[in-house]
Novice: 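Below you'll find the structure I mean.
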Amino acid sequence: MQIRRLVQILLAVLVTSAPLAGCSGNPDNTGPLPEGQQLVDAAAENLRELTNVAFELEISGAVPGLPVREIEGVASRSEGPNGSASGEADMQLETERVRYEFTLSDDVLLLTDSDGETEEQAVPVPYTPARLLDPEHGLRQLLIGAEELETETREQLDDVQTYRVHGTLSREAVSAVVPAVQDDVDIKFWVADDTEQLMRIWIQVPPRKENEGAVQLQLALTEHNTAAAPAPRS
């Protein structure tokens, strides 16, 4: 296994986005809807203040260099120079499916497999939570780079009322954050009605070949600035 490659995968998925646990309510198109650009701009501005968050990612299909089925955990940009993160990842490697527990603290990433074996690796600086949750980089770049924004509907995510906004993202914009994606993509954002917080991102990557289906990536964010801090490295 190429551990450095896995390190990059675990961290890069924090900024990417198949349905997640917690079903969406029925769409509601009644009445006027806020402008999509206005909603996304507000969510992007709120991301400047995001220091920690709980996240859950699922991927339907295969993205080159990104063999993730599901990953969930918490991340912080304010714990140490590189930030911190912890959680679980379900990976589809070349010959097997593997689950890991991971903890990032200071400049070390710990990966523990189902047999209890732990690997310790240095953290690649470009993929640290501190950078990916930085007010001027990472996740926020997906919002400010989106174009042709249009509010589609109101939608309930668990107990949060949101607006769903559709847009497009150029290859240059998405690959600057998620290098594994090298195509223009469709993107959707779910923005909370009351707090204007970003709650979910959905990206559809077009098929690379005629006989392949599109790949869908979806990232859910919860506990904005209230997520429990990752456990410190022992």
Side-chain angles (χ1 to χ4, degrees), residues 2 4-20 24 27 35-37 39-41 43-44 47 53 55-72 75 89-94 97 124-129 131-134 136-153 155 157 162-191 198-221:
Q2 298 179 354
R4 183 175 179 83
R5 179 165 170 261
L6 181 57
V7 169
Q8 294 175 343
I9 290 166
L10 289 174
L11 296 175
V13 297
L14 292 177
V15 295
T16 61
S17 45
L20 300 173
S24 301
E35 292 185 358
Q37 188 70 60
L39 289 167
V40 171
D41 285 349
L47 283 179
V53 70
F55 64 92
E56 182 180 357
L57 170 78
E58 289 187 2
I59 298 179
S60 174
V63 177
L66 194 63
V68 175
R69 288 175 175 264
E70 183 177 358
I71 181 170
E72 60 180 312
D90 184 354
M91 315 287 295
Q92 181 63 57
L93 304 182
E94 292 184 2
R97 183 175 177 179
V125 173
Y127 295 95
T128 65
R131 178 174 175 81
L132 298 176
L133 294 177
D134 184 271
E136 303 302 330
H137 300 90
L139 186 61
R140 185 169 173 268
Q141 296 300 306
L142 297 178
L143 283 80
I144 65 177
E147 301 177 335
E148 302 176 15
L149 295 167
E150 181 180 355
T151 307
E152 295 182 321
T153 188
E155 196 164 356
L157 297 183
T162 68
Y163 293 104
R164 189 180 74 207
V165 182
H166 175 267
T168 61
L169 204 60
S170 70
R171 179 190 64 81
E172 291 79 10
V174 69
S175 64
V177 181
V178 191
V181 178
Q182 292 292 320
D183 298 280
D184 297 345
V185 299
D186 286 330
I187 191 165
K188 295 185 181 184
F189 305 104
W190 283 256
V191 179
L198 179 67
M199 304 301 298
R200 184 174 293 184
I201 296 177
W202 172 92
I203 293 176
Q204 180 166 281
V205 182
R208 293 171 296 160
K209 300 177 182 178
E210 291 184 2
N211 61 342
E212 292 182 343
V215 177
Q216 297 180 3
L217 306 93
Q218 188 162 272
L219 173 71
L221 302 176

Novice: Just verifying a value: how many Å separate Glu70 CD and Glu58 CD, rounded to the nearest 0.5 Å?
Specialist: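 If I round to the nearest 0.5 Å, the distance is 4.5 Å.
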
Novice: Asp183 and Pro206: which non-hydrogen atoms are nearest, and at how many Å?
Specialist: CB-CG, 3.8 Å

Novice: Between Tyr163 and Met199, is any pair of side-chain heavy atoms under 4.5 Å apart?
Specialist: no

Novice: Is the count of non-hydrogen atoms from other residues, nucleotides or ligands lying under 6.0 Å from Glu150 atom CD greater than 12?
Specialist: no

Novice: Quick check: do Val174 and Val177 have side-chain heavy atoms less than 4.5 Å from each other?
Specialist: no

Novice: Measure the spacing between OG1 of Thr153 and NZ of Lys188 and express it to the nearest 0.5 Å.
Specialist: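 Answer for the OG1-NZ pair, Thr153 versus Lys188, is 10.0 Å.
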
Novice: Flag the pair Leu169 / Asp184 as yes when at least one side-chain heavy-atom distance between them is below 4.5 Å, and no otherwise.
Specialist: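 The answer is no; the side chains never approach within 4.5 Å.
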
Novice: Measuring from atom CZ of Phe189 to atom CH2 of Trp202, what distance do you get when rounded to the nearest 0.5 angstrom?
Specialist: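 If I round to the nearest 0.5 Å, the distance is 11.5 Å.
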
Novice: Compare every heavy atom of Gln204 with every heavy atom of Val185, then report the nearest pair and how far apart it is.
Specialist: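 Closest heavy-atom pair between Val185 and Gln204: CB-O, 3.4 Å.
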
Novice: Please set out all donor-acceptor pairs under 3.5 angstrom arising from side-chain atoms of residues 138-145, sequence neighbours excluded.
Specialist:
from	atom 1	to	atom 2	distance (Å)
Arg140	NE	Ala44	O	3.1
Arg140	NH1	Pro135	O	3.2
Arg140	NH1	Glu136	OE1	3.4
Gln141	NE2	Glu136	O	2.7

Novice: Quick check: does any side chain N or O of Thr162 sit under 3.5 Å from a backbone N or O of Glu155, one acting as donor and the other as acceptor?
Specialist: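 Yes, Thr162 side chain to Glu155 backbone: donor-acceptor pair under 3.5 Å.
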
Novice: Mind checking whether Asp90 and Ile71 have side chains closer than 4.5 Å, heavy atoms only?
Specialist: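 No, side chains not in contact.
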
Novice: Just so I know, are the side chains of Leu198 and Leu47 near enough to count as touching, which here means a heavy-atom distance under 4.5 Å?
Specialist: yes

Novice: If you compare all heavy atoms of Leu149 against all heavy atoms of Gly36, which two are closest, and at what distance to 0.1 Å?
Specialist: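 Residues Leu149 and Gly36, closest heavy atoms: CB-C, 4.0 Å.
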
